[in-house]
Amino acid sequence: MNTQELRKEAHDLDVTVWVGKSGIESVVGELNDQLADRNLVKAKFLRAALGGTTVDEAAADLAERVNAELIETRGKTAVFHR
């Protein structure tokens, strides 16, 4: 499945991972579990989670930690695929 198809599929997904003030470290396990169950997961980054970085940087870091592909970021939301 190509990136465009994955973006289209992700459009109707609900956010199931919220990254808050505890940072991305605290959601690595949860995101890993969700990616094991389904191939696309949408995560939302709250302002407190970013601590001076951008959503793109934080999402790329998180994708690397769970060995997933970052499909897109839009606003404070990111879509991960494995």
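The structure displayed is predicted, hence computed values, not measured ones.
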Item to check | salt bridge (charged side-chain N to carboxylate O under 4.0 Å, His left out) partners of Arg7, counting only residues at least two apart | outcome: Glu72
Next on the checklist: Once side chain to side chain contact (heavy atoms under 4.5 Å, CB included) is applied, do any residues pair with Asp37, and if so which ones, sequence neighbours excluded?
Outcome noted: none
Checklist entry - Could you give all pairs that pass the side chain to side chain donor-acceptor pair (under 3.5 Å) test and reach residues 41-51, with sequence neighbours left out? => result none
Next on the checklist: How close do Ala36 and Arg82 get, counting heavy atoms only, and between which atoms?
Outcome noted: N-NH1, 4.1 Å
Item to check | Same apolar cluster: Leu50 and Leu70, side chain cutoff 4.5 Å | outcome: yes
Checklist entry - Partners of Ser26 by side chain to side chain contact (heavy atoms under 4.5 Å, CB included), sequence neighbours excluded? => result Ser22
Which atom pairs, donor and acceptor, lie under 3.5 Å between side-chain atoms of residues 9-19 and protein residues at least two apart or in another chain?
from, atom 1, to, atom 2, distance (Å)
Thr16, OG1, Gln34, OE1, 2.5
Thr16, OG1, Arg38, NH2, 3.3

Side-chain atoms of residues 55-66: list all donor-acceptor pairs with protein atoms under 3.5 Å, sequence neighbours left out, distances to 0.1 Å.
from, atom 1, to, atom 2, distance (Å)
Asp56, OD1, Thr73, OG1, 2.3
Glu57, OE1, Thr54, N, 3.0
Asp61, OD1, Arg65, NE, 3.1
Asp61, OD2, Arg65, NH2, 3.4
Arg65, NH1, Glu25, OE1, 2.2

Checklist outcome for this item: Between the CG atom in Leu35 and the CG atom in Asn67, the distance rounded to the nearest 0.5 Å is 10.0 Å
Checklist entry - Does any non-hydrogen side-chain atom of Leu6 lie less than 4.5 Å from one of Val79? => result no
Checklist entry - Would you say the side chain of Phe80 lies within less than 4.5 Å of the side chain of Leu40, judging by non-hydrogen atoms? => result no
Next on the checklist: I'd like to know if Phe45 and Ile71 are part of one continuous hydrophobic network [Ile/Leu/Val/Met/Phe/Trp/Tyr, side-chain heavy atoms within less than 4.5 Å].
Outcome noted: no
Item to check | Within 6.0 angstrom of Glu5 CD, more than 12 heavy atoms from elsewhere | outcome: yes
Item to check | Within-4.5 Å side-chain heavy-atom neighbours: Glu69 and Thr3 | outcome: yes
